[in-house]
Amino acid sequence: MFGTGSRRTPDPGPAPEALRLVKVSRIYGTDDSAVTALDGVTLTLGRGTFTAVMGPSGSGKSTLLQCAAGLDRPDSGIVRVDGTELTGGSEAELTRFRRGRIGFVFQQYNLLDTLTVAQNTVLPLKLAGQRVDRGRTREVLTSVGLGDRLGHRPDQLSGGQRQRVAIARALVTEPRVIFADEPTGALDTRSARGVLRLLQDAVKVHGRTVVMVTHDPFAASFADAVLFLADGRLAGRMDGPTPDAVAERLAHLGDDMTTGV
Ligand SMILES: Nc1ncnc2c1ncn2[C@@H]1O[C@H](COP(=O)(O)OP(=O)(O)OP(=O)(O)O)[C@@H](O)[C@H]1O
Ligand SMILES: [Mg+2]
């Protein structure tokens with residue numbers, strides 16, 4: 001539960017882990033049409049780590065991220081982010097927690113075209129009812145290389161620049177954990193590298209925790225470790241991933257998936 005009995009305590013202090021899932025399951029639909037997207041996933045990620053999540057299409061990667069970020073609720077199991085249990089609280093508590101502690105980056109940016117770069121970036125602060133400091137806006141946009149684009153609209157930017165705005169928006173609340181679902185999926189190699197370096201810096205320089213879904217072994221090699229998913233279950237882990245080693249493991253995951261079919 002939120003705050004486990006001491007909900008008004010401002011900060012429970014350092015948590016031993018950034019993310020913990022215990023036997024998390026998510027089933028979409030019912031009866032004949034039921035799909036087990038996540039099947040009893042248990043994992044722990046330490047603070048200040050950068051983890052990639054990989055696996056075949058439909059293996060449950062996005063579902064895992066959505067459940068871990070409090071954007072979706074598992075049917076069973078426990079999710080703890082930064083020491084706070086997400087499962088079990090009210091919708092309002094969950095929303096408040098998510099806005100303060102969690103950042104999310106989507107493949108398709110999810111920027112509002114009617115707002116400027118600066119306005120998009122500070123939207124999470126506005127939604128949380130916080131005062132918006134112009135200096136802070138400029139600082140966070142400068143950190144993603146867009147300090148000179150504050151007044152532009154998203155449709156005046158390249159894909160890579162748009163994704164950097166989305167990252168600035170995810171960083172502006174100084175969240176403990178940042179979830180990114182295929183953040184480089186729509187980008188060319190050069191733009192992808194820029195985005196991956198930003199995520200890496202969020203971990204190395206600012207001590208945040210990043211969990212990133214990707215299909216790309218090159219993108220995964222920026223992470224400290226890769227978790228492999230198959231059929232809604234964890235199917236392995238690789239520390240210190242290299243693009244070649246990741247591609248090799250993915251190929252074997254594919255073999256496993258077709259075994260017995
Ligand atoms: N809202 C939904 N309603 C019904 N089934 C869903 C829903 N969302 C996901 N699923 C199913 O759950 C399973 C896992 O989906 P998920 O989107 O998590 O996979 P993924 O690993 O992210 O795939 P991809 O690599 O294609 O993005 C799939 O079989 C999918 O069809
Ligand atoms: Mg997905």
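Only a predicted model underlies this, so the values are computations on that prediction, with no experimental measurement involved. Residue numbers run from 1 in the order of the sequence given. Remember, it's 1-based here, ligands and their atoms both numbered in the order they're listed.
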What do you think, any protein heavy atom under 4.0 angstrom from atom 29 (O) of ligand 1? yes
Please write down residue, atom name and distance for the protein heavy atom closest to atom 17 (O) of ligand 1. Ser62 CB, 3.8 Å
Does any part of the side chain of Val165, heavy atoms only, come nearer than 4.5 Å to the side chain of Leu146, both counted from C-beta? yes
Considering only the protein, which heavy-atom contact is closest to atom 9 (C) of ligand 1, and what is its distance? Tyr28 CE1, 3.3 Å
Can you confirm, on distance only, whether ligand 1 has an N/O atom lying under 3.5 Å from any N/O atom belonging to Ala37? no
The test is salt bridge (charged side-chain N to carboxylate O under 4.0 Å, His left out); show your working for Arg101 and Glu174 and say whether it passes. CA-CA 7 Å; Arg101 304 279 184 93; Glu174 307 195 335; over 6 Å; no
Using non-hydrogen atoms of the residue, decide whether Ser59 is closer than 4.0 angstrom to ligand 1. yes
Matching residue for Leu111 among Gln163, Gln119, Arg162 - test: side-chain contact (heavy atoms from CB on, under 4.5 Å): Arg162
Measure from the Mg ion (ligand 2) to each N, O or S atom of Thr63 and report whether any distance is below 2.8 Å. no
Heavy atom of Gln66 under 4.0 Å from ligand 1? no
Should the pair Asp72-Arg26 be classified as a salt bridge under the 4.0 Å nitrogen-to-oxygen rule? yes
Does Gly60 reach ligand 1 with a nitrogen or oxygen that is under 3.5 Å from one of the ligand's nitrogen or oxygen atoms? yes
Show the numbers, then the answer: is there a salt bridge (charged side-chain N to carboxylate O under 4.0 Å, His left out) between Arg47 and Asp82? CA-CA 8 Å; Arg47 296 180 91 176; Asp82 196 38; 3.4 Å; yes
Check whether any heavy atom of Pro56 sits under 4.0 Å from an atom of ligand 1. yes
Atom indices of ligand 1, in the order listed, that fall short of 4.0 Å to a heavy atom of His215: 25 (O)
Treating Ile, Leu, Val, Met, Phe, Trp and Tyr as nodes and any side-chain heavy-atom pair under 4.5 angstrom as an edge, say whether Ile102 and Val210 lie in one connected cluster. no
Any heavy atom of Glu182 sitting closer than 4.0 Å to ligand 1? yes
Does a salt bridge link Glu91 with Arg98, judged by any charged N lying under 4.0 Å from a carboxylate O? no
Determine the interplanar angle of the Phe104 and Phe106 rings, folded into 0 to 90°, and report it as parallel if under 30°, tilted if 30 to 60°, perpendicular if over 60°. tilted
Charged N-O contact under 4.0 Å between Glu93 and Arg96: no
Which pair of heavy atoms, one from Leu86 and one from Ala69, lies closest together, and at what distance? CD1-C, 4.1 Å
Can you pull out the closest protein heavy atom to atom 15 (O) of ligand 1? Residue, atom name and distance to 0.1 Å, please. Thr63 OG1, 3.8 Å
Suppose we measure from atom 25 (O) of ligand 1 to each protein heavy atom; which comes out shortest, and what is that distance? Lys61 NZ, 2.7 Å
Of the listed options (Ser57, Ala34, Gly58), which comes nearest to atom 13 (C) of ligand 1 when hydrogens are ignored and any heavy atom counts? Gly58
Can you tell me the protein heavy atom closest to atom 31 (O) of ligand 1 and the distance? Val35 CG1, 4.9 Å
